[in-house]
Amino acid sequence: MLMVMNRITMRHLARWTALQPYRHRTRYTYDEYKETADWLLANTRSRPRVGIICGSGLGGLADLLTDKTSFPYEKIPHFPQSTVSGHAGRLVFGELSGKQCVCMQGRFHFYEGYPINKVTFPIRVLHLMGVEALIVTNAAGGLNEQFKVGDIMFIKDHINMPGFAGQSPLCGSNEDRFGVRFPCMSDAYDKTFRRLALESALELGYKDFVREGVYCMLAGPTYETIAESRMLKLLGADAVGMSTVPEVVLARHCGMRVFGTSLITNKVVMDYSSQEKANHEEVLQTSKDRAEALQGLVTNLVGRMD
Ligand code: HPA
């Protein structure tokens, strides 16, 4: 009897021990965020107020910054590293439209295997550095039948599918120094920023391919089945992707104002008779084709932010 019990205990202990590195890395302390922010503040003279997260194939935005200082993610204390092709993996500080900005050239995705707290780690670091406004860009599949490939959708709201499944970066004890226990999400995407972005779009002549809609995040990495796509459309989503929402949740928790935009890189397949298939190459190609327009839009918008 004692031997059997010992064997069970040993097995549990071995499993528990094997999980320790993973467990340790799922949560960060306030001091760890602070250490990273202080390290960056000590290594750059830039004092950004605007943070920009570049989505798949949209990292060219960072190259538009002037007077740049950049840090590969692997050089930054506690920073995770990017593993997806199309994502460079650098934090770039510099000036855009006369404003001090910091660009994440490459972001972290849940489907890469990172715990959700790692995906969102940079957000609190940016907050502690003084960033007050966050611009997030992503590539997304179009669910709304009116949308065309190459459209730019301003995000007016989101559906947090991983959140429904218990994957929120705010799960666990709340860190009051960042924000409240139960943050409001009904105003996640700043109305003023959306209005300014629309003004930018009109000035740049983008009226015909700018839309507004609801973004739904799925964990990925699979693209959606036809049944799933139909369900998302029924739920009120206009576009679907694999990023953005965890970062937005954490940014709102610590009081940042958010502007989010999706580049519609492909039309989501809704019909069993369709021969179309979602693929990463199409996503990257559309991103490349529209990169300049999106960069122009963000540059113009940053100039309008006060
Ligand atoms: N589905 C999910 N994520 C995506 C898509 C898509 O169709 N396109 C780009 N990212």
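Order of appearance sets the numbers: ligands from 1, and atoms from 1 within every ligand. Quantities reported herein were computed from a predicted structural model and do not represent experimental measurements.
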Full working for side chain to side chain donor-acceptor pair (under 3.5 Å) between Arg47 and Gln100:
CA-CA 6 Å; Arg47 294 295 176 261; Gln100 304 235 351; over 6 Å; no

Carefully, step by step, assess Asp271 and Ile226 under the rule side-chain contact (heavy atoms from CB on, under 4.5 Å).
CA-CA 7 Å; Asp271 195 334; Ile226 291 171; over 6 Å; no

Would you check, one step at a time, whether the test side-chain contact (heavy atoms from CB on, under 4.5 Å) holds for Val268 with Tyr223?
CA-CA 9 Å; Val268 171; Tyr223 290 109; over 6 Å; no

Run the side chain to side chain donor-acceptor pair (under 3.5 Å) test on Tyr33 and His78 for me, step by step, so that the C-alpha distance in whole Å, both residues' side-chain angles and the decisive distance to 0.1 Å come before the verdict.
CA-CA 8 Å; Tyr33 292 112; His78 305 304; over 6 Å; no

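Those atoms of ligand 1 with a heavy atom of Thr265 less than 4.0 angstrom away are 8 (N), 9 (C). The atoms of ligand 1 that sit less than 4.0 Å from any heavy atom of Met242 are 2 (C), 3 (N). Short contacts between ligand 1 and Asn266, defined as distances under 4.0 Å to a heavy atom of the residue, involve ligand atoms 5 (C), 6 (C), 7 (O), 8 (N), 9 (C). Against a heavy-atom cut-off of under 4.0 Å, Val268 is close to the following atoms of ligand 1: 7 (O). Close approach of ligand 1 to Ala139 is summarised as follows: ligand atoms under 4.0 Å from at least one heavy atom of the residue are 9 (C), 10 (N).
At the top of the distance list for atom 6 (C) of ligand 1, counting protein heavy atoms only, stands Tyr223 CD2, 3.5 Å. The nearest heavy-atom contact from the protein to atom 3 (N) of ligand 1 is Gly241 CA, 3.4 Å. Nearest protein heavy-atom neighbour of atom 4 (C) of ligand 1: Val240 O, 3.6 Å. Looking from atom 5 (C) of ligand 1 to the surrounding protein, the closest heavy atom is Gly141 N, 3.4 Å. Closest protein heavy atom to atom 1 (N) of ligand 1: Glu224 OE1, 2.9 Å.
The pair Arg252-Asp187 meets the salt-bridge criterion, since a charged nitrogen lies less than 4.0 angstrom from a carboxylate oxygen.
Counting heavy-atom neighbours within 6.0 Å of Arg45 CZ, excluding the residue itself, gives a total of 12 or less.
Under the 3.5 Å distance criterion, the side-chain polar atoms of Asn174 are matched with a main-chain donor or acceptor of Gly179.
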